[in-house]
Amino acid sequence: MRIATFNINGVKARMETVLGWLDEAAPDVALLQEIKSVDEAFPRGPFEDRGYNVETHGQKGFNGVAILSKLPLEDVVRGLPGDDGDDQARWIEATVVGDRAVRLCCLYLPNGNPAPGPKYDYKLAWMERLAARARDLLAAEEPAIMAGDYNVIPQDEDAARPEAWKDDALARPETRAAFRRIVNLGFTEAFRTRIRGSGHYSFWDYQAGAWNRNDGIRIDHMLLTPQAADLLADARIESEIRGGEKPSDHVPVWITLDA
DNA sequence: ATGTCTATAGGGTATAGA
């Protein structure tokens with residue numbers, strides 16, 4: 001089973017790019033972030049025409065997540081538990097059953113800038129709620145993945161210019177510590193099981209020719225429970241698409257599971 | 001060089017968010 005996570009930066013503005021990508025790369029599952037669409041306006045038809053089941057959790061204007069799957073999606077849950085007052089659409093999860101059942105969690109973690117401030121407080125609080133959901137997933141002792149745009153640069157090696165991000169909400173020590181607390185509960189960060197070292201990014205700003213200068217950061221991640229990590233066959237970043245027509249500022253991150 | 005892009009409101013061109 002080949003699973004990709006992809007922050008597409010607006011589904012309606014990105015249809016040609018995303019459909020071309022699906023036709024070429026043909027993931028079994030695509031976890032999408034920043035659909036920037038309410039559920040009723042999500043253009044399901046072209047995805048369904050390509051054989052994908054579609055589950056969305058959107059809101060007006062920004063944020064929004066979706067799961068596309070060639071296999072049926074079961075037990076869909078929308079919203080990260082832990083704060084009934086949080087109306088931002090940043091979490092959707094569902095189970096897909098191939099050779100094995102895999103719980104898929106698609107997340108769009110808050111950016112948190114400017115930091116410090118209320119947006120950063122929201123980011124850290126959201127990460128605490130994520131940790132709680134993560135503990136429950138581990139307790140289930142089943143294959144599960146939490147994948148998406150974490151808006152976290154885990155280490156200096158994950159940025160072309162780490163000094164430029166030192167005080168940013170994506171790289172501050174509190175952010176990195178909160179991310180490590182989740183990973184250290186017992187998750188495997190898929191990409192780093194396959195590729196070590198600097199120079200591997202998943203986001204390049206639209207501004208200042210960041211792509212052409214390879215001035216990127218690695219902020220899109222896939223965290224696997226031990227039972228999912230047992231099934232991990234490959235992990236990679238598909239960076240080439242960033243140089244294509246009308247690209248998102250993020251690129252897809254992939255895993256292959258023996259499931 | 002804070003240099004770009006998307007969505008919204010509203011009906012031109014501003015603002016927010018990233």
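Below, all heavy atoms of this structure are taken into account, side chains as well, without hydrogens, waters or symmetry copies. Throughout, protein chains are lettered first and strands after them, A, B, ... in sequence-line order, and every chain is numbered starting at 1.
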inquiry  = Do A:S69 and A:N53 pair up side chain to side chain, a donor and an acceptor below 3.5 Å, judged on atom types alone?
reply    = no
request  = Can you figure out which of B:dA7, B:dA18, B:dG3 approaches the side chain of A:A13 most closely?
outcome  = B:dA7
inquiry  = Does either side chain, that of A:N7 or that of A:E34, offer a donor lying less than 3.5 Å from an acceptor on the other one?
reply    = yes
Closest nucleotide among B:dG3, B:dC5, B:dA18 to the A:Y108 side chain = B:dA18
inquiry  = Rounding to an integer number of Å, can you tell me how far A:Q59 CD sits from B:dA18 C1'?
reply    = 14 Å
query = For B:dG17, does either OP1 or OP2 sit under 4.0 Å from a side-chain N or O belonging to A:K119?
reply = yes
request  = May I ask you to check whether A:N214 and A:W204 show a side-chain donor-acceptor distance below 3.5 Å?
outcome  = yes
key: Closest-nucleotide ordering on DNA chain B, the 5'-leading residue of A:N151 and A:G10   = A:G10
inquiry  = Base, sugar-phosphate or nothing for A:F203? Non-hydrogen atoms, less than 4.0 Å.
reply    = nothing
key: Atom-to-atom span, CZ of A:R213 to C1' of B:dA1 - whole angstrom   = 11 Å
task = Please state how far atom CD in A:Q33 lies from atom P in B:dA7, giving the value in whole angstrom units.
result = 16 Å
message = Side chain of A:R14, heavy atoms from C-beta onward: which of B:dC5, B:dT8, B:dG17 has the nearest atom to it?
response = B:dC5
request  = Rounded off to whole Å, could you give me the CG-to-P distance for the A:N63 and B:dA18 pair?
outcome  = 6 Å
key: d(NZ, A:K60; P, B:dT8) in whole Å   = 7 Å
message = Checking side-chain polar atoms at under 3.5 Å, does A:K123 have a donor or acceptor matched by the opposite partner on A:T175?
response = no
key: Rounded distance in Å between the P positions of B:dT15 and B:dA1   = 23 Å
task = Write down the distance separating the P atoms in B:dA14 and B:dG3, rounded off to the nearest Å.
result = 15 Å
task = Check whether the side chains of A:S248 and A:N9 place a donor and an acceptor atom closer than 3.5 Å, and report yes or no.
result = no
Protein-nucleotide distance (A:K36, atom NZ; B:dG17, atom C1'), rounded to Å = 7 Å
key: Nearest-angstrom distance, P atom, B:dG10 to B:dA16   = 14 Å
query = A:Y206 has a side chain; which of B:dC5, B:dA18, B:dG3 sits nearest to it?
reply = B:dC5
query = Between B:dT6 and A:K246, is there an OP1 or OP2 to side-chain N/O distance shorter than 4.0 Å?
reply = yes
Any A:R90 side-chain N or O less than 4.0 Å from OP1/OP2 of B:dA18 = yes
ask   = Once you round it to whole Å, what is the distance between P of B:dA7 and NZ of A:K12?
value = 6 Å
inquiry  = Can you work out whether A:N113 or A:I35 has the more 5'-proximal nearest nucleotide on DNA chain B?
reply    = A:I35
Between A:Y122 and A:D86: side-chain donor-acceptor atoms closer than 3.5 Å = yes
inquiry  = Quick check for you: among B:dG17, B:dT6, B:dT2, whose closest atom lies nearest to any side-chain atom of A:Q207?
reply    = B:dT2
key: Whole-Å gap separating P (B:dA18) and CH2 (A:W165)   = 13 Å
